[in-house]
2 protein chains.
Amino acid sequence: MAETRPGDTRERILDAAERLFMAHGYEGTSMRQITSEAQVNLAAVNYHFGSKESLMQEVFRRRLDWLNEERLRVLRALKAEAEGRPLKPSQIVDGFFGTLLRMGSDERRGGMTFLRLLGRTLTEPSEFIRAFLAHEYQEVTDCYKEELFRALPDVPKAEIVWRFHFMLGATAFAIAGTDELRLVTDWQIEADDATDRLDRLLPRLMSFLLGGLRAPLPQFRDAAGDGR
Amino acid sequence: MAETRPGDTRERILDAAERLFMAHGYEGTSMRQITSEAQVNLAAVNYHFGSKESLMQEVFRRRLDWLNEERLRVLRALKAEAEGRPLKPSQIVDGFFGTLLRMGSDERRGGMTFLRLLGRTLTEPSEFIRAFLAHEYQEVTDCYKEELFRALPDVPKAEIVWRFHFMLGATAFAIAGTDELRLVTDWQIEADDATDRLDRLLPRLMSFLLGGLRAPLPQFRDAAGDGR
DNA sequence: CGTTAGTTCATACGTTCGTTTGAATCATAG
DNA sequence: CTATGATTCAAACGAACGTATGAACTAACG
């Protein structure tokens with residue numbers, strides 16, 4: 001067993017693939033781009049990962065395994081503190097989406113690069129990627145959904161599921177295009193680093209998500225008027 | 001000038017491309033798939049559109065030109081009815097996002113196929129696509145943003161822009177994955193046609209968007225508690 | 001030391017990609 | 001009818017794709 005410098009080539013490939021998949025998508029990134037950026041031989045990907053598909057899965061597994069565990073940790077802590085009483089919706093939303101967004105400040109977990117990759121991949125067309133992500137996400141997502149059911153006993157479960165879906169969409173889009181707000185506005189954002197951007201995004205997104213989650217149910221079609 | 005049957009081959013290509021781009025993405029769809037599905041010769045795309053990129057742009061332009069006009073029509077009608085007074089946020093949100101979603105029921109405008117394509121493409125990695133969409137969208141989007149500024153004079157414009165972005169994300173995700181709610185839940189949705197799905201989606205999304213838009217501003221980090 | 005197992009390397013395989021070409025086909029105008 | 005210009009067609013182009021191969025290299029073990 002030689003094991004020259006274990007995890008050196010592998011990690012370099014994963015880092016390069018993460019960056020390139022984020023920038024150009026799965027189909028738009030070639031093995032030659034990846035191995036060139038990682039400064040390893042072309043055959044290294046197939047040697048270490050078997051195929052491009054397996055590489056893609058490993059890129060996500062490396063980050064999502066930690067995210068899943070962290071989310072469960074946070075949820076357990078919240079439930080322990082609540083001592084049997086239902087959690088507040090704001091706690092649940094922050095536990096699920098806040099934990100995700102705070103990943104963007106942690107360079108050891110992929111930082112903004114992975115965050116943006118994940119946001120984009122949730123609407124990725126490739127069949128196997130969506131299937132893989134659904135499988136990786138299902139368990140923890142169900143735990144948080146259950147907690148939302150408990151926190152909002154008067155809201156039909158189906159409505160909560162819809163709104164969870166909407167929250168996921170707003171979050172995915174927000175992290176996928178953070179530095180391309182130009183798509184929706186020409187409002188100039190000062191060029192600062194990703195962490196600062198996250199600091200401004202997080203509280204705003206949280207209040208938006210909570211506002212949407214707690215909006216009046218669409219029974220008779222907005223009888224209340226506008227308000228503000 | 002011969003002009004055999006004008007717009008027959010062209011339309012068939014556009015229809016096939018729309019379907020395939022929706023299902024497999026831009027990079028994941030080949031010219032041979034497109035021409036095969038459209039039952040036209042391989043060279044027909046380059047003859048009629050010049051390149052794959054130009055075809056993609058034409059696929060969107062065919063639908064977005066109408067959407068932009070319709071959105072402006074709706075906005076003008078609302079403003080005429082209001083006679084100078086600011087519009088209600090619910091009117092603006094319905095004018096912008098409701099008009100988009102109702103496109104999904106209109107088979108002549110691409111129906112759900114184009115709607116899902118558009119939702120996915122908003123997070124598409126390809127550079128030229130985002131640039132093109134931003135250009136096509138900018139003008140009308142700015143009009144609606146201006147109207148939101150007027151409707152919510154006490155809310156800082158920057159906050160409105162952020163929330164407009166969040167609303168766009170929730171909408172894009174909702175229409176991109178309508179029949180793949182499984183990503184976030186195993187809740188079974190009965191298999192019905194796209195229009196029925198839209199009927200259930202539209203009021204729910206609208207109330208969510210309005211709830212998010214009118215949520216309390218994130219000043220001191222959610223001092224109000226949860227409520228429901 | 002030599003052996004061995006793990007890793008890297010240059011190179012090539014077969015396929016598919018977007019695009020181009022020039023001849024064949026078609027409908028109309030003169 | 002022939003002539004004309006737009007369209008369709010089969011075929012091919014070079015380039016890039018993901019993957020496979022077998023030899024070279026490296027470091028620890030017996």
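Below, chain A is the first sequence line, B the second, and so on; all start at residue 1.
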Starting at [atom1] of [X] and ending at [atom2] of [N], how long is that distance when rounded to a whole Å?
{"X": "A:Ile13", "N": "C:dT7", "atom1": "CD1", "atom2": "C1'", "result": "11 Å"}
{"X": "A:Arg32", "N": "C:dT16", "atom1": "CZ", "atom2": "C1'", "result": "13 Å"}
{"X": "B:Met56", "N": "C:dG18", "atom1": "CE", "atom2": "P", "result": "13 Å"}
{"X": "B:Tyr47", "N": "C:dC26", "atom1": "OH", "atom2": "P", "result": "16 Å"}
{"X": "B:Arg10", "N": "D:dT8", "atom1": "CZ", "atom2": "P", "result": "11 Å"}
{"X": "B:Gln33", "N": "C:dT19", "atom1": "CD", "atom2": "C1'", "result": "17 Å"}
{"X": "A:Ile34", "N": "D:dA16", "atom1": "CD1", "atom2": "P", "result": "17 Å"}

Next on the checklist: Given D:dT7, D:dA11, C:dA10, identify the nucleotide with an atom nearest to the side chain of B:Leu42.
Outcome noted: D:dA11
Checklist entry - Nearest of C:dT20, C:dT8, D:dT8 to any side-chain atom of A:Asn41? => result C:dT8
Next on the checklist: Counting only side-chain nitrogens and oxygens, does A:Thr9 get under 4.0 Å of the OP1 or OP2 atom of C:dT7?
Outcome noted: no
Item to check | A:His48 side-chain N/O to C:dT8 phosphate OP1/OP2 under 4.0 Å | outcome: yes
Spacing of [atom1] belonging to [X] relative to [atom2] belonging to [Y], to within rounding of 0.5 Å:
{"X": "B:Phe96", "Y": "B:Lys145", "atom1": "CZ", "atom2": "NZ", "result": "10.0 Å"}
{"X": "B:Glu37", "Y": "B:Thr29", "atom1": "CD", "atom2": "OG1", "result": "10.0 Å"}
{"X": "B:Leu148", "Y": "B:Tyr144", "atom1": "CG", "atom2": "OH", "result": "10.0 Å"}
{"X": "B:Leu14", "Y": "B:Arg62", "atom1": "CG", "atom2": "CZ", "result": "4.5 Å"}
{"X": "A:Met56", "Y": "A:Ser51", "atom1": "CE", "atom2": "OG", "result": "12.0 Å"}

Checklist entry - Using a heavy-atom distance cut-off of less than 4.0 Å, which residues of residues 21-31 of chain A contact DNA chain C? => result none
Checklist entry - For residues B:Thr121 and B:Arg116, is any side-chain donor paired with an opposing acceptor at under 3.5 Å? => result no
Next on the checklist: Reading DNA chain C from 5' onward, which residue's closest nucleotide shows up sooner: A:Val40 or B:Val45?
Outcome noted: A:Val40
